[in-house]
Asker: 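Supplied in structure tokens, the structure appears directly below.
Side-chain atoms are counted along with the backbone in the values below, which use heavy atoms only and exclude waters and symmetry mates. None of these values were measured; they are calculated from a predicted model. Each chain gets a letter, A, B and so on, in the order its sequence line appears, and its residues count up from 1.
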2 protein chains.
Amino acid sequence: MVVLTVREHALQVLVVERAKPPFFGRLALPGGFLEDGENLDEAAQRELAEETGLAAEQVHVRQFRGYGGPDRDPRGRVVSVAYVALMPDLPIPTAGGDARAARWEPVAGLLEDPAVLAFDHHRILSDAVEHARDMLSHTTLATTFCPPEFTVTQLREVYETVWGTELDPSNFHRKVTRADGFLVPAGAKAASDGGRRANLYRAGTATQLYPALLREHHSKPGARQEP
Amino acid sequence: MVVLTVREHALQVLVVERAKPPFFGRLALPGGFLEDGENLDEAAQRELAEETGLAAEQVHVRQFRGYGGPDRDPRGRVVSVAYVALMPDLPIPTAGGDARAARWEPVAGLLEDPAVLAFDHHRILSDAVEHARDMLSHTTLATTFCPPEFTVTQLREVYETVWGTELDPSNFHRKVTRADGFLVPAGAKAASDGGRRANLYRAGTATQLYPALLREHHSKPGARQEP
DNA sequence: ACAAAAGTGTTAAGATTACACCCATGG
DNA sequence: CCATGGGTGTAATCTTAACACTTTTGT
């Protein structure tokens, strides 16, 4: 499970400290084995609940890739099916449950050094983040990083944090408020953050986003032939 | 493996007739088990070679999803990692090799009746086709359905066949010939098909397509709130 | 000459970008 | 009053869609 959230202006991922070999004491992505009678999605939901105490409500869980290299686990051949989960910055009841010492860690730091995470989890995290970035372009899932009611600026900060870019506040505002089914006005206004109070919105019913939000400001198309 | 091609104006998929139970005599997608020392991509390449006699050249192979429901194989718990392969309409040397009687079957017919394919292969095929459709929008992979040199019209027919839509020939022509790195002029001209002879192109070096090709003519955005 | 396919031109509508500008709030 | 953030207006540029129109070929 690559459980992502936006916390303290950074994309963060849930990691556990390994309590036994191999990779004793190293950081790893949470996960586990399939149990009898479960399909893959159910197993992912169960693992998520065990690690975070959260049910599938308010969390978007999605399979994104399988990993099956022969040497990825020194104990033997293991095939893993990886899932990304996007969720708001909720308190994680690590104290209760099986208390596996799950904690948030900024993604940027983990991606810098491929040797921090155990197994091939650096690669898995990297793939998951890339997957999540694409999802924000084409779907309305950015709202799953937000609390139930949020402002347009909060939503923009999610995009800016996950993409690592800056977006024009006025154009972003128009785009998301006009996209059909993306945002529903909640009626109330947020507390002031030093200026005019912003309108609050809830996530709408749309899942696909059209037109898509562009990730880079006029990124160059494909590969060039003559630079 | 969901091996797709465009043949006789239809999207077709490589199927095998099962030679032993379960599902004896029924149609199924080709596939097999991981061997020692292989990672998932290598296993997919090997299976593709065994079924079609073709190497990874001229074929695009890509993992798209894992399947692990507890009852998907009556013999016991099997987790499958599914791959799509896109290839041109090449003759398949089924006679040689392990002669598993692989053959092309139109996708449309197979998707109509969920009970034709063995196991959960109807679902897998359906997911693969959806994945392939999305890939054509955002990447230049449509060229992998074409022979080494092809005309713009041939390429357009690939899109029309896979998407099941009709596209405006003139607008399509402009779009793909201007997309940077998509098509490279091959110099020659194709034989006439009843009219003016078309220029031949080869696939360019770009892999991503920007701007993306739109699948539906002005498809309605997301979900509507008030119909 | 004519039909059919290939490819170019044109125009209106929609999207994107950049940025000026007004609105509302707290200090 | 005024700095700060929220939100709307506007014009240049790009993209799309629809379709008229020219070019090239086989019959």
Asker: If the condition is salt bridge (charged side-chain N to carboxylate O under 4.0 Å, His left out), which residues does A/R46 pass it with, not counting sequence neighbours?
Answerer: A/E35, A/E38, A/E50
Asker: What does B/T151 touch in the nucleic acid at a heavy-atom separation under 4.0 angstrom: a base, only the sugar-phosphate, or nothing?
Answerer: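 Answer is nothing: B/T151 stays at 4.0 Å or more from every strand.
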Asker: Round to the nearest Å and state the distance from A/D193 atom CG to D/dG7 atom C1'.
Answerer: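 Value for this atom pair: 15 Å.
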Asker: Would you kindly give the CG-to-P distance between B/L214 and C/dA15, to the nearest whole Å?
Answerer: 11 Å
Asker: Contact class for A/T153 (heavy atom, under 4.0 Å): base, sugar-phosphate, or nothing?
Answerer: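 Sugar-phosphate, backbone atoms only, no base.
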Asker: Round to a whole Å and report the spacing from CG of B/L213 to P of D/dT15.
Answerer: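 Answer to the nearest Å: 13 Å.
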Asker: How close or far is atom P of D/dA18 from atom CG of B/L167, stated in whole angstroms?
Answerer: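 So the two atoms are 11 Å apart, to the nearest Å.
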Asker: What residues, two or more places apart in sequence or in another chain, satisfy salt bridge (charged side-chain N to carboxylate O under 4.0 Å, His left out) together with A/R62?
Answerer: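 For A/R62 there are no salt bridge (charged side-chain N to carboxylate O under 4.0 Å, His left out) partners, ignoring immediate neighbours.
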Asker: Do the ring planes of A/Y67 and A/F64 sit parallel (below 30°), tilted (30 to 60°) or perpendicular (above 60°)?
Answerer: perpendicular
Asker: Examine the side chains of B/Y210 and B/D180 and answer whether a donor and an acceptor come within less than 3.5 Å of each other.
Answerer: no
Asker: Checking B/E42 now: which residues fulfil salt bridge (charged side-chain N to carboxylate O under 4.0 Å, His left out) with it, not counting sequence neighbours?
Answerer: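 Not a single residue meets the salt bridge (charged side-chain N to carboxylate O under 4.0 Å, His left out) criterion with B/E42.
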Asker: Nearest whole angstrom, please: distance from the P of C/dT17 to the CD of A/E166.
Answerer: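 After rounding, the reported distance stands at 15 Å.
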Asker: Heavy-atom nearest nucleotide on DNA chain D for A/R178 versus A/R156: which residue maps closer to 5'?
Answerer: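 Residue closer to the 5' terminus by nearest nucleotide: A/R156.
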Asker: What integer distance in Å separates A/E157:CD from D/dG6:C1'?
Answerer: 13 Å
Asker: What is the separation between atom NZ on B/K175 and atom P on C/dT8, rounded to the nearest whole Å?
Answerer: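 Spelled out: NZ on B/K175 to P on C/dT8 is 17 Å.
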Asker: Considering only residues two or more places apart or on different chains, which pairs with a residue in residues 132-160 of chain B satisfy ring-ring contact (aromatic ring centres under 6.0 Å, His included)?
Answerer: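 As it turns out, the ring-ring contact (aromatic ring centres under 6.0 Å, His included) pairs with a partner in residues 132-160 of chain B, which skip direct neighbours, are A/H138-B/H138, B/Y159-B/W163, B/Y159-B/F172.
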Asker: NE2 of A/H173 versus C1' of C/dC23: gap in Å, rounded?
Answerer: 12 Å
Asker: What string of B, S and - do you get for nucleotides 19-27 of chain D, 5' to 3', if B is base contact, S is sugar-phosphate-only contact and - is no contact with any protein heavy atom under 4.0 Å?
Answerer: BB--BBBS-
Asker: So, is B/N199 close to the C/dA6 phosphate, meaning a side-chain N or O under 4.0 Å from OP1 or OP2?
Answerer: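 No, outside the criterion.
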Asker: Once salt bridge (charged side-chain N to carboxylate O under 4.0 Å, His left out) is applied, do any residues pair with A/R123, and if so which ones, sequence neighbours excluded?
Answerer: A/D127
